[in-house]
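Single-structure report; data block below.
Fair warning: this is a prediction, and the values are worked out from it, not measured in the lab.
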Amino acid sequence: MDRATQSSREQTDRRPVDGGAAGLELSTLRLEQSGRVLTARVDDPPFNYLTTTMQRDFIRLVEAVEHDDSVGAVVVTGARPGRFITHADIARISEHSDGVPEISHAVAQNLFRSVRAMTGWAGERLIARSSLSGLLSITQFHDMALRLMYSPAVWIAAVNGPCGGGGLEMSVFFDLRVSADRDAGFGLPELSLGLNTALGGQRLAQLVGPSRALEMMLEARFYSPQEALELGLVNRVVPAEDLLDTVQRMAERYASRPRKVVARQKRIFNDAQSISARASLNQEATAALMNFTSPTTQAAMRRWVQMQEGTDGDSVFLTQPEPWIEGTALDMNVTVRGPEPS
């Protein structure tokens, strides 16, 4: 996202949602929050295709979560058994593109540059009513993907059905992907239609490597959960009947980590491919300095030392790891003041 676009979007998007992110009224996502975990169930029957409406719903959800400090993790899963996000709605794409004259690379590039240059509150409203509305949807979805990468919440895809095309391209921007051991599948059939990836190609190549990413597209088939695990596309494969419970337990633990620190660490990891080694080291050093001066971090370290005093000096992470793994040693999502943590 360029600076001008980022600045304009920050001015218009930072609006609190009544009832927080969970209070959003969305057409294709059913939301519910338990503690610090927000669960979004994808519900666009009968096939859960990635439509323009679903894209807009995800854009609104990501923006709302950014500004809702009560959300530490988001779980995205299919509302119906055997359906996650199948792929883009090919019939709708065909309907809108059929008969459109072929354009060159230079023209396509200039069109996207023009749309980005015109974005901003008033500009977006004008473009949305023009023949360039489709390009605006793509640029907005790209911005959403970047926000996922730097979101202060941890985003986890609980894949319980086909995850293909645009659905897979979006899910690679999530922090973690956990797959059911049956019904789920992962594929990028775009090349079989003469299409390129529109969103997640480079991200996928970072996860599985360029050769494997290209092979997936050349194969144009859905890969099994086990194949996806071996590729490094998913983090875990669990029994289908345990999928949501497993992922929500993971989310509960991850949601206990401090949002600001999570966001900084995600930026360190996700910027590693695009900035120099020196810039990356400076980024890490800056984050570390901010952490050392944080009252909450100082309280957490005091708590660690306090727990260590009951041992022979060995690491608390070895002798009493559970409170730190589970996030119960200290509430890291409140501002801690005073010399000693409670």
Side-chain angles (χ1 to χ4, degrees), residues 1-2 4-33 38-44 48-68 71 73-79 84-89 92-93 96 112 115-130 132-157 163 165-175 197-200 203 263 266 270:
M1 191 187 313
D2 59 78
T5 301
Q6 183 175 6
S7 176
S8 66
R9 291 191 67 79
E10 285 178 349
Q11 293 174 11
T12 59
D13 291 337
R14 295 190 178 278
R15 306 171 191 164
V17 178
D18 290 341
L24 286 172
E25 295 183 5
L26 304 174
S27 300
T28 65
L29 300 176
R30 295 196 342 238
L31 306 176
E32 61 182 63
Q33 186 168 348
L38 179 67
T39 300
R41 290 179 169 83
V42 183
D43 191 13
D44 194 6
N48 271 13
Y49 287 141
L50 180 64
T51 61
T52 301
T53 301
M54 188 182 294
Q55 290 181 28
R56 290 173 182 157
D57 284 349
F58 271 107
I59 289 169
R60 290 187 63 199
L61 178 60
V62 172
E63 291 171 352
V65 168
E66 267 188 17
H67 314 302
D68 187 345
V71 178
V74 181
V75 174
V76 177
T77 194
F84 182 64
I85 304 173
T86 306
H87 52 64
D89 188 345
R92 185 63 59 87
I93 296 174
H96 284 85
F112 274 109
V115 169
R116 286 201 174 278
M118 294 173 63
T119 53
W121 187 72
E124 287 185 6
R125 292 176 62 184
L126 291 173
I127 297 170
R129 294 196 294 265
S130 74
L132 298 177
S133 59
L135 302 186
L136 177 63
S137 296
I138 294 175
T139 59
Q140 289 175 331
F141 208 51
H142 284 184
D143 291 346
M144 182 277 301
L146 293 175
R147 294 175 103 137
L148 274 174
M149 290 172 62
Y150 305 125
S151 173
V154 177
W155 288 73
I156 310 175
C163 177
L168 176 55
E169 291 182 53
M170 181 174 66
S171 73
V172 296
F173 285 93
F174 286 18
D175 301 302
T197 55
L199 175 71
R203 183 76 169 171
K266 286 169 66 170
N270 290 320

- How would you list, by chain and number, every residue that makes a side chain to side chain donor-acceptor pair (under 3.5 Å) with Arg56, sequence neighbours excluded? none
- Message: The criterion is side chain to side chain donor-acceptor pair (under 3.5 Å); which residues satisfy it with Thr86, sequence neighbours excluded?
- Response: Arg83
- Item | From Asp44 atom CG to Arg30 atom CZ, the distance as rounded to the nearest 0.5 Å | 12.0 Å
- Message: Ignoring hydrogens, what is the shortest heavy-atom contact between Asp68 and Ala21? Give both atom names and the distance.
- Response: OD2-N, 2.8 Å
- Check salt bridge (charged side-chain N to carboxylate O under 4.0 Å, His left out) between Glu25 and all other residues, then give those that pass, not counting sequence neighbours. none
- Task: Quick one: list whatever passes ring-ring contact (aromatic ring centres under 6.0 Å, His included) with Tyr49, sequence neighbours left out.
- Result: Phe47, His87
- What distance do Cys163 atom SG and Asn48 atom CG have between them, rounded to the nearest 0.5 Å? 11.5 Å
- Hey, are the side chains of Val62 and Trp155 touching, using non-hydrogen atoms and a 4.5 Å cut-off? yes
- Message: Is there a side-chain contact between Arg60 and Leu29 in this structure, where contact means two heavy atoms from C-beta onward sitting under 4.5 Å apart?
- Response: no
- Message: On a heavy-atom basis, which atom in Ala22 and which in Leu38 lie closest, and how many Å separate them?
- Response: CB-CD1, 3.8 Å
- Item | side chain to side chain donor-acceptor pair (under 3.5 Å) partners for Arg92, two or more places apart | none
- Qualifying residues under side chain to side chain donor-acceptor pair (under 3.5 Å), relative to Asp57, sequence neighbours excluded: Thr28
- Query: Between Val172 and Gly200, what is the shortest heavy-atom contact and its length?
  - Reply: CG2-O, 3.9 Å
- Query: About how many Å separate CE of Met170 and CG of Leu50, when rounded to the nearest 0.5 Å?
  - Reply: 6.0 Å
- Query: Taking only residues two or more places apart in sequence or in another chain, which ones pass side-chain contact (heavy atoms from CB on, under 4.5 Å) with Ala145?
  - Reply: Phe173, Leu199
- Message: Could you tell me if the side chain of Gln55 sits less than 4.5 Å from the side chain of Met144, heavy atoms only?
- Response: no
- Query: By salt bridge (charged side-chain N to carboxylate O under 4.0 Å, His left out), which residues pair with Asp175, not counting sequence neighbours?
  - Reply: Lys266
- Query: Taking C-beta and beyond as the side chain, do Asn270 and Arg203 meet within less than 4.5 Å on heavy atoms?
  - Reply: yes
- Would you indicate whether the side-chain heavy atoms of Leu148 and Phe174 approach each other to under 4.5 Å? yes
- With sequence neighbours excluded, what pairs up with Ala40 under the side-chain contact (heavy atoms from CB on, under 4.5 Å) test? Leu31, Leu61, Val76
